[in-house]
Amino acid sequence: MPQFVFEPVKLPPEAVKLRTEVRAFLGEERAKGSFVPAVGSMVEADEAFSQKLGARGWLGMTWPKQYGGGERSTLERYVVVEELLAAGAPALCHWIAERQSGPQILRHGSERAKAMILPEIAAGRCYFAIGMSEPDTGSDLASVKSRAVKADGGWRITGRKVWTSFAHRAHYIIALVRTSGTPDQRHHGLTQFIVDMKSPGISVRPIYNLYGGHDFNEVTFDDVFVPEDMTVGGEGRGWEMVVSELAYERSGPDRFMSSYPLLVEAIDELGRDPQPMQAAEVGRLVAHLATLRRMSTSIAGMLNDGKSPVTEAALVKDLGTTLEQEIPESVRKILPIEARGLPENSAYSELQQLSQMQCVSYSIRGGTREILRGMIARGLGMR
Ligand SMILES: Cc1cc2nc3c(=O)[nH]c(=O)nc-3n(C[C@H](O)[C@H](O)[C@H](O)COP(=O)(O)OP(=O)(O)OC[C@H]3O[C@@H](n4cnc5c(N)ncnc54)[C@H](O)[C@@H]3O)c2cc1C
């Protein structure tokens with residue numbers, strides 16, 4: 001039976017040094033009041049903050065210098081991402097662009113797209129949205145119904161996307177649409193387009209979440225023109241592009257650290273003398289975190305070596321989101337706000353309440369639990 005191998009990865013000295021620099025920067029920013037820690041893996045957006053990271057060379061770190069990158073290792077980037085998440089920093093603006101859209105454009109975009117877009121992402125000035133899901137198409141992306149037809153010098157897209165995170169502030173959306181065939185032809189005839197959000201014919205409508213926040217949207221394309229050289233990977237390779245992109249979307253620490261700032265606040269609140277039951281529960285959660293971190297850095301090492309660990313990424317996301325959802329529930333039991341008489345507006349209370357409402361979505365976004373488990377079973381040769 002095939003097995004998963006998660007080789008241990010030792011962070012190189014330059015990554016260890018970088019961690020100290022990033023931590024110091026985040027400590028200063030927090031002390032200045034430029035942010036308060038948030039839970040949810042990048043839910044707060046601050047353009048100035050993203051631009052500060054860009055100015056320090058902490059965005060697009062692995063990309064060629066020619067495109068605004070730093071030619072640094074995946075493991076150094078990993079450390080920056082990990083520190084931003086641990087601090088609950090407001091890095092949402094550039095998050096999708098830097099994590100997955102930029103790397104896709106670097107590998108599969110036209111020269112014009114690379115030169116025009118990548119330096120802007122690396123500077124923290126250009127933001128992206130992911131246009132995969134549609135009203136009747138989420139898990140089963142091969143059934144997308146949005147279509148593009150050939151036009152003079154490019155394509156014209158018509159269709160509708162939903163759950164499109166950050167589309168209301170993004171400069172571009174990468175949209176998965178059908179360019180030939182019919183939905184029943186499944187994986188053939190799909191293409192990904194890089195669409196300028198200012199294009200005539202695009203409209204964005206907010207969809208409010210459980211706690212009234214505006215994170216995602218419905219995006220409608222009404223005969224929207226896209227130039228020929230703004231595909232990702234060329235015509236008909238949309239499915240292949242989506243699959244490789246999801247390895248980036250699923251493997252990072254943002255898939256197990258969403259509740260980390262809450263755990264830290266809970267540990268602070270418990271103080272140096274917790275009850276044995278409280279200490280045991282914190283120990284259990286921290287042990288799970290340490291294991292997931294070890295698996296996730298192993299995936300970063302594989303990406304660094306040019307591999308595409310799609311199934312391993314699915315495994316880490318499934319286990320990671322389980323933990324992210326368990327932390328709010330566990331700390332609520334060992335440290336209940338009302339029973340302890342904690343003020344409603346303390347950092348712990350606020351993170352606790354927000355986590356309870358946010359964490360439902362963790363096992364849906366980026367691929368549901370059932371879909372991931374199907375992939376893992378396939379990776380193990382069980383289906
Ligand atoms: C916070 C958040 C942010 C999101 N951001 C984006 C975004 O930016 N861009 C974007 O394109 N999408 C985004 N999504 C959409 C997300 O990717 C989809 O919700 C997800 O893929 C599930 O699709 P669906 O909602 O259509 O559910 P469905 O596919 O209808 O699934 C419903 C249920 O059936 C189960 N199911 C479906 N098929 C199978 C199967 N074959 N076997 C077993 N069980 C199955 C699912 O696991 C799920 O429990 C976001 C979602 C959330 C919650």
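Values in this document were obtained by computation on a predicted structure and should not be read as measured data. Atoms within a ligand are numbered from 1 in the order they appear, just like the ligands themselves.
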Will you find, in the side chains of [X] and [Y], an N or O donor that is under 3.5 Å from an N or O acceptor?
X	Y	answer
Gln100	Gln104	no
Gln358	Ser258	no
Ser330	Glu281	yes
Ser73	Glu76	yes
Thr164	Glu218	no

Option passing side-chain contact (heavy atoms from CB on, under 4.5 Å) with Lys161 (candidates Val144, Val204, Thr137, Asn217):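 It is Val144, the one option of Val144, Val204, Thr137, Asn217 that forms the side-chain contact (heavy atoms from CB on, under 4.5 Å) with Lys161.
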
Aromatic ring proximity Phe25/Trp58, centre distance under 6.0 Å: yes

Centroid separation Phe225 to Trp155 less than 6.0 Å: no

Protein heavy atom at shortest distance from [atom]:
atom	answer
atom 35 (C) of ligand 1	Glu370 OE1, 4.4 Å
atom 41 (N) of ligand 1	Ile371 CD1, 3.9 Å
atom 20 (C) of ligand 1	Ile364 O, 3.8 Å

Other ILVMFWY residues reachable from Val9 by side-chain steps of under 4.5 Å: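 Joined to Val9, directly or through intermediates: Leu11, Val16, Leu75, Val79.
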
I want to know if ligand 1 touches [X] in the polar sense, i.e. an N/O pair below 3.5 angstrom.
X	result
Ile130	yes
Thr368	yes
Trp163	yes
Gly131	no
Arg365	no
Gly138	yes

From the candidates Ala170, Pro135, Ser143, Ser133, the one that places a heavy atom nearest atom 17 (O) of ligand 1: Ser133

From the candidates Ser165, Gly366, Ser361, Ser139, the one that places a heavy atom nearest atom 36 (N) of ligand 1: Ser139

Ligand 1 versus Phe166: contacting region, heavy-atom distance under 4.0 Å: neither

Contact list for residues 295-312, test salt bridge (charged side-chain N to carboxylate O under 4.0 Å, His left out), sequence neighbours left out: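 Sorted result for residues 295-312: empty, none.
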
Met132: numbered ligand 1 atoms lying under 4.0 Å from its heavy atoms: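 What qualifies from ligand 1 is 11 (O).
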
Interfacing atoms of ligand 1 (cut-off 4.0 Å, heavy-atom, Phe216): 1 (C), 2 (C), 3 (C), 52 (C)

Shortest non-hydrogen separation from Glu134 to Lys145 and the atoms involved: OE1-N, 2.7 Å

[atom] protein-contacted, heavy-atom criterion under 4.0 angstrom:
atom	answer
atom 22 (C) of ligand 1	yes
atom 30 (O) of ligand 1	no
atom 33 (C) of ligand 1	no

